[in-house]
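For clarity, every value in this text was computed on a predicted model and none was experimentally measured.
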Amino acid sequence: MFKQQQAKKEAIKLASQGAKEKAGIMAAELGAKLGEVLDVSLTDFSYSSKYYDYSPPPSPSIAGEQRETQILPGDVSISATVQVVYELE
């Protein structure tokens, strides 16, 4: 869980940096500079994993039989979308 929280923070940090960079480019094209931040919102945050299991399905458990929890490796994608409103100078 700790790694997941760290990854979430990193995704938000990178999204915020990207928003500032893009806003700076647009402001420069308009002959302006970024001023104060007027509003910030996290509009989307998601985790997704891709796992393809090609093994046959397990047989139904028999009463009293214990089954192991299967933990399999796979890729996890974490994304964050932030919206930042700047004052232009």
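Listed by chain and residue number, Ala80, Val82 satisfy the side-chain contact (heavy atoms from CB on, under 4.5 Å) test with Ala15 (two or more places apart in sequence, or in another chain). In this view, Lys13 and Glu10, Gln17 satisfy the side-chain contact (heavy atoms from CB on, under 4.5 Å) rule, not counting sequence neighbours. Not counting sequence neighbours, the partners of Ala7 by the side-chain contact (heavy atoms from CB on, under 4.5 Å) test are Ile78. The side chain to side chain donor-acceptor pair (under 3.5 Å) search around Ser79 returns Ser46, not counting sequence neighbours.
Considering every non-hydrogen atom in both Gly35 and Tyr86, the closest pair reads O-CD2, 3.8 Å.
Grouped with Ile25 in a hydrophobic cluster is no other residue, since no side-chain heavy-atom contact under 4.5 Å to another Ile, Leu, Val, Met, Phe, Trp or Tyr is found.
Evaluation of the side-chain hydrogen bond (donor to acceptor under 3.5 Å, both in side chains) test over residues 20-41, restricted to residues two or more places apart or in two chains, returns none.
Within the 4.5 Å cutoff, side-chain heavy atoms of Ile12 are placed close to those of Leu42. Taking the side chain as every heavy atom from C-beta outward, Leu88 and Leu34 approach each other to under 4.5 Å.
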Stepwise side chain to side chain contact (heavy atoms under 4.5 Å, CB included) test for Val37 and Val84: CA-CA 7 Å; Val37 173; Val84 183; 3.9 Å; yes
